[in-house]
Undergrad: 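Input: one structure, supplied below.
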Amino acid sequence: MKTIDKAWQPEKFEENLYQRWEKAGYFKPEVNPGGEPFSIIMPPPNANGSLHIGHAVFVTLEDIMIRYARLKGKAALWLPGADHAGFETQVVFEKKLEKEGKSRFQIPRDELYQMMWDFTQENKKAMEAQLKKLGASCDWQREKFTLDPDIIKIVYETFKKLYDDGLAYRAFRLVNWCPKHQTSLSDLEVKYEERQDPLYYIKYGPITVATTRPETMFGDVAIAVNPNDEGYKDLIGKSVPLPLTDRDIPVIADEAVDMKFGTGAVKVTPAHDPTDFEIGQRHGLEILAVIDDRGRLANLEQAKAKPQIIERLSGKRTAEARALVAEELDELVEKRNENYLHSVGVCYKCQSVIEPLPREQWFIAVNKPGKSGKILAKDALKVVKDGRVKFVTKRFEKIFTHWMENIRDWNISRQIVWGIRIPAWYCQNCSNEVATDITYGAAVKEGTIPGRISKISGKPIVTEGEKPEKCPDCGCADLVSDPDVFDTWFSSGQWPFAALQTTKPSDFEKFYPTSVMETGWDILFFWVARMIMLGLYVTDKVPFKHVFLHGLVRDKDRQKMSKSKGNVINPLGVAEQYGTDAVRMALVFGVAAGNDVIISEEKIRGMRNFANKIWNASRYVILRVSEGDLKTGVIGTDKLSDLDFIEGGKHTVENQRMLNEHESLKKETTRLLSDFKFSLAGEKLYDYFWHTFADIYIEETKIYFDKHSDEQIKKNTKKALVKVLSETLIMLHPFMPFVTEAVWQELREISPDLVESIMIAEWPK
RNA sequence: GGCCGCUUAGCUCAGUUGGUAGAGCGUCGCAUUCACAUUGCGAAUGUCACAGGUUCAAGUCCUGUAGCGGCCACCA
């Protein structure tokens, strides 16, 4: 005697169902061998923590797309992965070390790398379990990690290709330096804050200059004025004394100087200010650095500072030095504008003020043609304009275009250990900068990372290119490797093709370009833009045909979720409490594409109620059709062998109306899903199932099950119930995979023609 | 400074090619051993920010105004 539970109990089903699906191979594209390829590369979550509610959004949306495609008979591949996440992870790990009273600067490079390797592997494992809990139907056998040796090999090949093409180059430039993390950052990783600081007016002999940063004056190499500024005409070409030092600096003329700002004269510090750097380049000025890696005054001897100044200021942090310099200058400070409002660049992770420092680093040229004729930014703009890459919410296309049109060269060197080591070597003898002849194929150097053996190649994993035998310029073997690692986005920018080229031999051929890239709009520039540029550059094809961007998750008061505000919803926690289906549905319901996702526990509870509604309405159908006992839930023995209606059979008007409405629902839902309108499709199904199928139709059937004795009508009504229910379940399945499958299995008891799993059912036509 | 978006029921938001305003949560009344109280039935609440315009018809298209939010930008 089989019974059916009175309520939907997700905890009783979810884990088992997921395991069954995975074991049956349903997550693999091979379940639909002849199907049209459909592919999504999962944005690999950072392996430095656990999944948060934002991850649940992408899992839900991508799983909806994949399950829908699979039900439509496509060979649907969802390729999972995890990201080592370079700097991000190192920041997390450094915090962890700090709590233990340690500093990363005390730990040898290889040892630190090893520690972080273990750290990310642990996180990765936990994240995989969490993705499964959320019902992600991705192909785990194709899972990739951004530090897999075969991925590193591809990243090296790309770098080499860019280098040979003249698009990856090493240059001595001003970079964004975080003095806390002691690494450079890309322009995107610098945030700007409005601040009020004093603006000092300082007398340099006959000229007064205005500055917010008097402490950089030791690096001054000139005074610049606008060539059209009558007031300074006579001074151009003359020299003025640099206070607190024993040297003079020239007065030069440059168009970049705004006559109306301050006194119309600027101190020029090429080593510590981007505009000044450019002025310096134009006039061939010395780059005199007086701030070190830790953001402290240094090199004051070379700057010819007076001895007592060197004594007093060397090693002082810039903020502290600022006040001290003002003090030393004394009456040379003509006046101070105390509350000058300006924006200051800070590190996006630690809010330390960014110091522009001159450093030798690797850059990617984005606006200039390579020898190949390719221009990264321009080519990327073109494919978007052509519609070869379509943004699902059109407005992001404008944002993308605007950014891409104003993009500047990209600094990819990071002075950290966690990441892919830049495979470049420098000759010690011929002082010739670069001797980078990268042999990437055998990316192996014994003992670099002790004890770390690749599962794939069986060789030790390293993050360095193989050392070239000799310098191509002078022939010596005295080569040293670049100590830096790549910006993590340089490797993740290659993710779609790199991942597909390293899973199965035919995957790239079959699944690239991928169908959809679904991710958060906050990484539109960081990631999506770079994927388009690099994907196009390396493969000559776009990496994806559609970009679907989702927003930020906020609470019901529109507040961003954060640990400090205490409004964080842990997706796994609420999934445990209300069921995964409820969480998933709550994350798409009422959310327009690209908009922020507003979530609250009440909303999740509402969707839990819906899951229960599905369960109970189905329970009713199963008990009715099988002639079971509605009260106890004991399923009867009657079965429906096929769902075709009896020839010439009679239908009640209610049946007929129901079947008609169901037909239009199918059309509508299919259209909405194909159009990426997940929210509308979900709402439609919700409304239909609850307020039409359950509230109206089922209620109507009660009447004629009780009152009519016509067997043919009864039979047709049963068939209509099962047909409408089973097809609606299939349509709901992408949204709520667990309850729909659980019900499907019960339904098979009374309708044996249904396929063994709803996952491999056919999308209703 | 440039660009983008938002303004619809008490709250949070949908609204698909312009065709008599919707959902979730909440509120009020009634029902209750009949699939489901994780329920059913019924009810209330909106000059769709404001001002113009196009149209037979505008929440939906155009122009302007106000408020809010976001992104980008090297102002010493």
Side-chain angles (χ1 to χ4, degrees), chain A residues 4-9 174 176 187-188 190 192 199-200 209-213 216 224 256-258 260-269 273-279 340-343 345 356 393 395-399 401-403 405-408 521-522 524-525 551-552 554-558 578-579 582 585-586 589-624 628-631 633 668 671-672 675-677 679-684 686-687 690-691 694-695 698-699 701-702 706:
Chain A
I4 179 163
D5 294 337
K6 216 166 155 57
W8 165 235
Q9 295 165 271
L174 232 46
N176 306 303
D187 294 346
L188 282 174
V190 179
Y192 289 87
L199 179 66
Y200 299 87
V209 297
T211 180
T212 53
R213 303 201 59 190
T216 64
V257 180
D258 180 356
K260 293 190 290 278
F261 186 91
T263 60
V266 246
K267 62 195 267 310
V268 181
T269 324
D273 181 278
T275 312
D276 293 4
F277 184 84
E278 281 168 25
I279 294 175
Y340 174 67
L341 188 69
H342 64 145
S343 68
T393 306
R395 73 169 198 270
F396 289 116
E397 194 171 308
K398 281 188 205 164
I399 298 172
T401 302
H402 181 254
W403 185 75
E405 280 168 350
N406 297 291
I407 186 176
R408 304 194 311 171
W521 58 251
D522 53 323
L524 173 60
F525 306 144
L552 234 59
R554 297 172 184 276
D555 71 9
K556 60 180 186 298
D557 301 320
R558 291 214 110 251
Y578 297 107
M585 197 59 164
F589 203 89
V591 180
N595 282 10
D596 286 346
V597 180
I598 312 291
I599 188 95
S600 61
E601 199 162 328
E602 295 84 75
K603 192 172 176 188
I604 298 170
R605 205 180 297 138
M607 294 305 152
R608 186 269 317 262
N609 294 354
F610 179 52
N612 191 54
K613 191 75 188 178
I614 294 173
W615 179 264
N616 268 296
S618 306
R619 179 176 188 264
Y620 169 84
V621 172
I622 289 162
L623 294 174
R624 270 294 186 194
D629 187 339
L630 289 163
K631 218 172 214 173
E668 190 73 355
R671 211 199 76 227
L672 289 168
D675 236 12
F676 298 98
K677 306 211 158 133
S679 167
L680 288 174
E683 286 165 50
K684 201 113 214 159
Y686 176 101
D687 185 60
W690 199 318
H691 302 301
D695 287 349
I698 284 186
E699 290 308 316
T701 66
K702 288 179 185 173
D706 292 343

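Heavy atoms only: backbone and side chains are in, while hydrogens, waters and symmetry mates are out. Naming: A, B, ... by sequence-line order, numbering from 1 per chain.
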Undergrad: Over all strands shown, is A/Arg624 touching base, sugar-phosphate only, or nothing at heavy-atom distances under 4.0 angstrom?
TA: nothing
Undergrad: Strictly below 4.0 Å: does A/Arg395 bring a side-chain N or O up to OP1 or OP2 of B/G70?
TA: no
Undergrad: According to a strict under-4.0 Å criterion, is A/Lys6 in side-chain N/O contact with OP1 or OP2 of B/C36?
TA: yes
Undergrad: Is a side-chain donor or acceptor of A/Lys684 paired with a backbone partner of A/Leu672 at a separation under 3.5 angstrom?
TA: no
Undergrad: Using the ring of A/Tyr686 (Phe, Tyr or Trp, six-membered ring only), decide whether A/Lys613 places NZ or CZ under 6.0 Å from its centre and within 45 degrees of its axis.
TA: no
Undergrad: Using the C1' atom in both, what is the distance from B/A73 to B/C4, to the nearest Å?
TA: 15 Å
Undergrad: How long is the span from the OG1 atom in A/Thr216 to the NZ atom in A/Lys267, to the nearest 0.5 Å?
TA: 2.5 Å
Undergrad: Would one find a side-chain N or O of A/Lys398 under 4.0 angstrom from OP1 or OP2 of B/G5?
TA: yes
Undergrad: Report yes if a side-chain nitrogen or oxygen of A/Asn609 is closer than 4.0 Å to either non-bridging phosphate oxygen (OP1 or OP2) of B/U39; otherwise report no.
TA: yes
Undergrad: Under 4.0 Å between any heavy atoms, over every strand shown, what does A/Phe277 touch: base, sugar-phosphate, or nothing? Just pick one.
TA: nothing
Undergrad: How far, in whole Å, is B/G64 from B/C56 if one measures between their P atoms?
TA: 24 Å
Undergrad: Identify whether any heavy atom of A/Ile622 sits under 4.0 Å from a base atom; if not, whether one sits that close to sugar-phosphate; answer base, sugar-phosphate or nothing.
TA: nothing
Undergrad: Do the non-hydrogen side-chain atoms of A/Arg671 and A/Lys677 ever get within less than 4.5 Å of each other?
TA: no
Undergrad: Rounded to whole Å, how long is the line connecting atom CZ of A/Arg608 with atom C1' of B/G24?
TA: 15 Å
Undergrad: Under 4.0 Å from OP1 or OP2 of B/G1: is there any side-chain N or O of A/His342 that close?
TA: no
Undergrad: Looking only at atom C1', what distance separates B/U12 and B/C50, rounded to whole Å?
TA: 24 Å
Undergrad: Given B/G24, B/U16, B/A35, which nucleotide is nearest the side-chain atoms of A/Tyr686?
TA: B/G24
Undergrad: Taking 4.0 Å as the cut-off, does a side-chain nitrogen or oxygen of A/Tyr192 come that near to OP1 or OP2 on B/C71?
TA: no
Undergrad: If I take atom CZ in residue A/Phe525 and atom P in nucleotide B/C72, what distance separates them, rounded to the nearest angstrom?
TA: 6 Å
Undergrad: Provide the distance between the two P atoms, one in B/U38 and one in B/C25, to the nearest whole Å.
TA: 13 Å
Undergrad: Does A/Trp690 have a side-chain nitrogen or oxygen under 4.0 Å from the phosphate oxygens OP1 or OP2 of B/G40?
TA: yes
Undergrad: Distance check needed: B/A35 P versus A/Glu699 CD, whole Å only.
TA: 8 Å
Undergrad: Start at the 5' end of RNA chain B and walk down; is the nucleotide closest to A/Lys702 or to A/Met607 reached first?
TA: A/Met607
Undergrad: Regarding A/Ala265, tell me which of base, sugar-phosphate or nothing describes its non-hydrogen contacts under 4.0 Å with the strands shown.
TA: nothing
Undergrad: Would you mind reading off the distance between A/Ile399 atom CD1 and B/A73 atom P, rounded to a whole angstrom?
TA: 13 Å
Undergrad: Measuring only the P atom in each nucleotide, how far is B/U27 from B/C6? A whole number of Å is fine.
TA: 32 Å
Undergrad: In whole angstroms, how far is the C1' atom of B/A35 from the CD atom of A/Gln9?
TA: 15 Å
Undergrad: For a quick test of reading the model: is some side-chain N or O of A/Asn595 closer than 4.0 Å to OP1 or OP2 of B/A14?
TA: yes
Undergrad: Does any donor-acceptor pair link the side chain of A/Lys613 with the base of B/C36 at a separation under 3.5 Å?
TA: yes
Undergrad: How is A/Asp273 classified with respect to the nucleic acid when contacts are heavy atoms under 4.0 Å: base, sugar-phosphate, or nothing?
TA: nothing
Undergrad: With rounding to whole Å, what would you report as the distance between B/C75 and B/U54 at their P atoms?
TA: 45 Å
Undergrad: Check whether the side chain of A/Arg554 and the base of B/U12 form a donor-acceptor pair under 3.5 Å.
TA: no
Undergrad: Under a 3.5 Å limit for both distances, which nucleotide forms a Watson-Crick or G-U wobble pair with B/C41, could you say?
TA: B/G29
Undergrad: What's the CD-P distance between A/Glu602 and B/G10, to the nearest Å?
TA: 18 Å
Undergrad: What interatomic distance, in whole Å, is found between P of B/A57 and the corresponding atom of B/G18?
TA: 15 Å
Undergrad: RNA chain B: A/Gly590 or A/Ser618, which has the more 5' nearest nucleotide?
TA: A/Gly590
Undergrad: Is B/A76 paired to anything, Watson-Crick or G-U wobble with both distances less than 3.5 Å, and if yes, which nucleotide?
TA: none
Undergrad: Would you kindly give the CG-to-P distance between A/Leu630 and B/C36, to the nearest whole Å?
TA: 8 Å
Undergrad: Measure from the side chain of A/Trp521, starting at C-beta and using heavy atoms only, and say which of B/C36, B/G70, B/A76 lies closest.
TA: B/G70
Undergrad: Between A/Asp687 (CG) and B/C25 (P), how many Å, whole number?
TA: 12 Å
Undergrad: Taking the P atom in each of B/G29 and B/A9, what is the distance between them to the nearest angstrom?
TA: 24 Å
Undergrad: Is there a Watson-Crick or G-U wobble partner for B/U12 with both distances under 3.5 Å, and if so, which one is it?
TA: B/A23
Undergrad: Could you identify the nucleotide paired to B/C61, looking across every strand shown and requiring Watson-Crick or G-U wobble geometry with both distances under 3.5 Å?
TA: B/G53
Undergrad: Kindly compute the distance separating CG (A/Asp687) from CZ (A/Phe610), expressed to the nearest 0.5 Å.
TA: 9.5 Å
Undergrad: Is any side-chain heavy atom of A/Leu552 closer than 4.5 Å to one of A/Asp596?
TA: yes
Undergrad: Tell me the closest heavy-atom pair linking A/Val591 and A/Ser679, and the distance in Å.
TA: O-CB, 3.1 Å
Undergrad: In the strands shown, is B/C36 matched to any nucleotide by a Watson-Crick or G-U wobble pair with both distances under 3.5 Å, and which?
TA: none
Undergrad: Describe the nucleic acid contact of A/Ala617 in one word from base, sugar-phosphate, nothing, applying a heavy-atom distance below 4.0 Å.
TA: base
Undergrad: Which label fits A/Phe525 and A/Trp403: parallel for a plane angle under 30°, tilted from 30 to 60°, or perpendicular past 60°?
TA: parallel
Undergrad: Heavy atoms only, 4.0 Å cut-off, all strands: where does A/Tyr200 land among base, sugar-phosphate and nothing?
TA: nothing
Undergrad: Between A/His402 and B/C71, is there a side-chain N or O to OP1/OP2 distance below 4.0 Å?
TA: no
Undergrad: According to the Watson-Crick and G-U wobble definitions, with both distances under 3.5 Å, which nucleotide is paired to B/C68?
TA: B/G5
Undergrad: Locate the shortest heavy-atom distance separating A/Met585 from A/Met607; write the atom from each residue and the value.
TA: CG-SD, 3.5 Å
